[in-house]
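Notes follow once the structure below has been shown.
Treat the numbers as computed from the prediction; the structure is a model and nothing was measured. Reminder, nothing fancy here: chain letters follow the sequence lines and each chain counts from 1.
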There are 2 protein chains.
Amino acid sequence: MAADTDLKAKPGYNPLYRQVKQRLVDRMASGDLPPGAVLPSEHELARELEVSQGTVRKALAELTAENLLVRQQGRGTFVAEHDQQRTLFQFFKLRPDGGSIQWPEPVFSRLASRRASTREREMLELPSGATVWRILRQRAIGDCTDVVERITLDKARFPDLDAHKPLPNNIYRLYEQAYGQTIVRAAEELRAVPARADDAEALGCRPGHPVLKIDRTAFGITGDVIEMRESTCLTDRVHYLSDLR
Amino acid sequence: MAADTDLKAKPGYNPLYRQVKQRLVDRMASGDLPPGAVLPSEHELARELEVSQGTVRKALAELTAENLLVRQQGRGTFVAEHDQQRTLFQFFKLRPDGGSIQWPEPVFSRLASRRASTREREMLELPSGATVWRILRQRAIGDCTDVVERITLDKARFPDLDAHKPLPNNIYRLYEQAYGQTIVRAAEELRAVPARADDAEALGCRPGHPVLKIDRTAFGITGDVIEMRESTCLTDRVHYLSDLR
DNA sequence: TAGTGGTCTAGACCACGCC
DNA sequence: GCGTGGTCTAGACCACTAG
């Protein structure tokens, strides 16, 4: 058997179940197991990969904990999708004061492209001279606009994005279904800043009013930076919820 | 055997390993297994509780994932403590811009007590007329003060807190060691607001300057609300980091 | 060298979804 | 009834720590 296909090559250093995990991640990243796909049963996987069912189980359990898989007793194991619920709970942290989580209403959306800035090139690992998509969105959680979002994407990774206008509210589902790019993790930096004139107008506050600026970096299944997003939020009727556990 | 001590009472509805888990949590909450204590080995626990080692293992794995236990190959299983690293990584989300995580320097601290407000009574589940401790702290992440914290505690749960003055920087360790109250989880609500006059003076900014207000509710091992904390942060040289995964 | 947790296996039985 | 994942068991071997 070739070395790189032998799961038991280095039992001590890299446990078998991690190698099983990596194989499954590779199949997901390559498009062989697209979002929503059914995986073979534990029993079948164990036979295919020549390991015990318990080892497969441990790999599947970790992938489920990382939100890459969804398992349902009696039905099977599925590659996780950005359905409404998942995107909302995992990637949307703004809540109306005193109310419960809900999808924000789209108010305005614009798509344009331009040359990448130095910072964008660094973050998205783009060559010099590369171009990016730039999406401007305004969304409402309560009655009026309380978030302005500026999203930056590598144009090479998302060709012909303008063919998908109007862009859907759940844009991560579009990344996933039209481009095979699944967002699995993101890091956000939050700061309180004075509102810029243009944001103030959109949000219906005076320039300089305190607003919450959220800088998000979103990562794909292979760890690449897929999206950069700057959100500016009026927190008069809305707050950002962070769970520490 | 009495029904409430029979682990196998309801195998289908409540799995054995969850019952094992609950028993261990109970022992931690009662003080029988205080922070830092060594647990019996998997083998011993299995014998004591009359379940298999694999079932004990699953219970211990979940408790480890929830940060209630720490396991080390070759050494043993320990009840988690609020050592410097844990408190910092799990419960402190402010980072200097462009720098890495570090403990904030204490600048000022004051302890007082007063009657609980209506909101405090609701959140902390206190009877009317109850009194609370109120801690005011100022801390610095960079060169100058950038966080003002107001902490509220049930005076009945933390008797003679004034005997521990000056209060340590890692106050969760004090809750744990002096009062057997371990903070295991917290929820934070973030908003951008104009700085109050007193906060502005402490933070060295003008009144009305945008500051990040963080309302924390911290929970103990049994799910009770142990602490309420309002932090006001100048995010000119510092930001709040939120990991979405 | 003894004891701990970490990995891996093999197999039994149960709960759930679907046909 | 059949196939799925979920639970539980029993036991082997490995890796790490400490005396």
N or O in side chain of B:K58 less than 4.0 angstrom from D:dC8 OP1/OP2: no
Any B:Y17 side-chain N or O less than 4.0 Å from OP1/OP2 of D:dC8: no
Is there a donor in the side chain of A:H239 and an acceptor in the side chain of B:R191, or the other way round, less than 3.5 Å apart? yes
Which nucleotide in D:dT9, C:dT9, D:dC8 has an atom nearest any side-chain atom of A:S52: C:dT9
Check A:R139 with A:E105, please: is the shortest side-chain N to carboxylate O separation under 4.0 Å? no
Does one side chain, of A:R71 or A:T64, offer a donor that lies under 3.5 Å from an acceptor on the other? no
Using a heavy-atom distance cut-off of less than 4.0 Å, which residues of residues 70-85 of chain A contact DNA chain D? A:R71, A:Q72, A:Q73, A:G74, A:G76, A:T77
Are A:E188 and A:Y240 close enough that a side-chain donor and a side-chain acceptor fall under 3.5 Å? yes
Pairs counted as Watson-Crick or G-U wobble with both distances under 3.5 Å: what dot-bracket string results for DNA chain D, using | for bases tied to another strand? ||||||||||||||||||.
Is the distance between the ring centroids of A:F158 and A:H164 under 6.0 Å? no
B:Y175 versus B:E227, side-chain donor and acceptor atoms under 3.5 Å: yes
Looking only at side chains, do B:N170 and B:Q84 share a donor and an acceptor under 3.5 Å apart? yes
